[in-house]
Amino acid sequence: SAVISQKPSRDICQRGTSLTIQCQVDSQVTMMFWYRQQPGQSLTLIATANQGSEATYESGFVIDKFPISRPNLTFSTLTVSNMSPEDSSIYLCSVVRGQETQYFGPGTRLLVL
Amino acid sequence: KQEVTQIPAALSVPEGENLVLNCSFTDSAIYNLQWFRQDPGKGLTSLLLIQSSQREQTSGRLNASLDKSSGRSTLYIAASQPGDSATYLCAARYGNKLVFGAGTILRVKS
């Protein structure tokens with residue numbers, strides 16, 4: 001299994017501001033993934049973060065809106081920039097371990113007013 | 001387009017009943033398929049992982065099957081308990097990406 005922690009666990013933010021979410025994994029991994037779960041919907045992959053290279057973004061997500069850092073093999077951050085109420089979601093960090101089993105962090109619950 | 005569909009969207013059963021949750025995927029070129037459980041206000045818990053070459057996996061009261069050719073997977077829960085109440089998500093892996101279904105909300109009544 002994998003132990004993944006995220007900070008903050010939840011936040012309430014004003015529109016136009018930015019929030020940086022941190023993800024810490026208990027051991028080194030090559031790739032870290034960021035997912036979003038909008039209210040009442042399922043999870044959607046935002047981007048894949050590799051250490052030492054630019055993150056790879058999925059269709060509909062751009063670096064200016066969701067900049068990602070990956071300074072080492074156990075840590076990543078996702079920033080939600082210039083927030084609007086539509087950004088209210090749960091943001092989850094994820095890694096793959098063992099035989100390609102995917103594990104998720106507890107999530108960051110974001111409400112934008 | 002790679003899409004995953006789960007049926008039913010919600011299910012309510014009495015305690016002790018056996019039940020089946022269904023998952024279908026449009027692109028059969030999956031690497032594997034994973035079932036998760038999500039409890040309100042919490043993250044995802046991995047239940048079972050089936051590789052594309054496998055037909056089924058079992059863990060305790062849970063059994064998951066996979067039929068790649070028909071694009072289907074089922075999660076069988078035996079002797080359901082109130083503690084099984086949660087949202088169940090299936091996700092198909094394509095390369096590095098998991099494509100999720102919308103989930104089945106399960107309620108087991110005591």
Side-chain angles (χ1 to χ4, degrees), chain A residues 1-10 21 23-25 29-51 53 55-61 68 70 89-111, chain B residues 1-10 21-27 29-54 56-57 59 62 64 66 86-106:
Chain A
S1 64
V3 177
I4 306 171
S5 61
Q6 288 185 233
K7 291 182 183 179
S9 59
R10 60 180 67 240
I21 302 167
C23 177
Q24 180 75 50
V25 187
V29 290
T30 303
M31 289 184 287
M32 296 177 74
F33 304 89
W34 287 98
Y35 282 79
R36 180 177 75 178
Q37 186 175 29
Q38 294 179 297
Q41 299 189 30
S42 195
L43 282 80
T44 302
L45 179 64
I46 298 172
T48 302
N50 292 307
Q51 195 268 334
S53 64
T56 303
Y57 289 82
E58 296 296 309
S59 176
F61 298 97
I68 287 172
R70 183 79 199 275
S89 297
I90 303 173
Y91 293 86
L92 300 107
C93 174
S94 178
V95 302
V96 175
R97 282 277 170 81
Q99 293 185 345
E100 304 294 334
T101 300
Q102 194 124 2
Y103 296 95
F104 286 82
T108 295
R109 285 153 183 79
L110 172 61
L111 176 63
Chain B
K1 184 179 179 182
Q2 296 161 341
E3 294 181 342
V4 176
T5 304
Q6 291 188 244
I7 294 173
L21 308 181
N22 296 292
C23 172
S24 61
F25 42 94
T26 55
D27 184 349
I30 63 171
Y31 186 75
N32 59 40
L33 188 136
Q34 196 165 349
W35 283 91
F36 295 89
R37 166 183 175 144
Q38 185 173 32
D39 294 279
K42 297 185 179 181
L44 277 68
T45 301
S46 178
L47 297 173
L48 287 166
L49 172 74
I50 311 177
Q51 300 293 348
S52 62
S53 59
Q54 297 176 321
E56 66 179 306
Q57 282 288 333
S59 176
L62 305 180
L66 175 64
T87 298
Y88 290 79
L89 299 166
C90 75
R93 174 178 298 284
Y94 299 98
N96 290 323
K97 177 181 178 180
L98 279 184
V99 177
F100 280 83
T104 294
I105 302 172
L106 173 65

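Every chain is numbered from 1 and lettered A, B, ... according to where its sequence line falls, protein lines coming before strand lines.
A donor-acceptor distance shorter than 3.5 angstrom exists from the side chain of B:Gln34 to the backbone of A:Gln102, with no hydrogens or angles considered. Within the 3.5 Å criterion, the main-chain N or O of B:Gly101 finds a donor-acceptor partner in the side chain of A:Ser42.
Side chains of A:Leu43 and B:Leu98 form no contact here, defined as non-hydrogen atoms less than 4.5 Å apart.
Here B:Ala102 is the residue among B:Ala102, B:Ala91, B:Gly103 with the most heavy-atom pairs under 4.5 Å with chain A. Interface remark: of the candidates B:Arg93, B:Lys42, B:Gln6, B:Arg93 forms the most heavy-atom pairs closer than 4.5 Å to chain A.
Of the inter-residue distances, the one linking A:Thr44 atom OG1 with B:Lys97 atom NZ reads 8.5 Å to the nearest 0.5 angstrom. B:Phe36 contributes atom CZ, which lies 5.0 Å from atom CZ of A:Phe104 (distance to the nearest 0.5 angstrom).
Closest approach of A:Leu92 to B:Gly43, counting heavy atoms only: CD2-CA, 4.4 Å.
Looking at A:Glu58, only its side chain comes within 4.5 Å of chain B, counting heavy atoms on both sides. Interface remark: A:Glu100 contributes backbone and side-chain atoms alike to the contact with chain B (heavy atom separation under 4.5 Å). Using a 4.5 Å cut-off between heavy atoms, B:Gln38 touches chain A through its side chain atoms alone. Both the backbone and the side chain of B:Asn96 come within less than 4.5 Å of a heavy atom in chain A.
The environment of OH in B:Tyr94 is crowded: more than 12 heavy-atom neighbours from other residues, nucleotides or ligands sit within 6.0 Å. Counted within 6.0 Å of CZ on A:Arg10, heavy atoms from surrounding residues, nucleotides or ligands total 12 or fewer; the atom is thus considered open.
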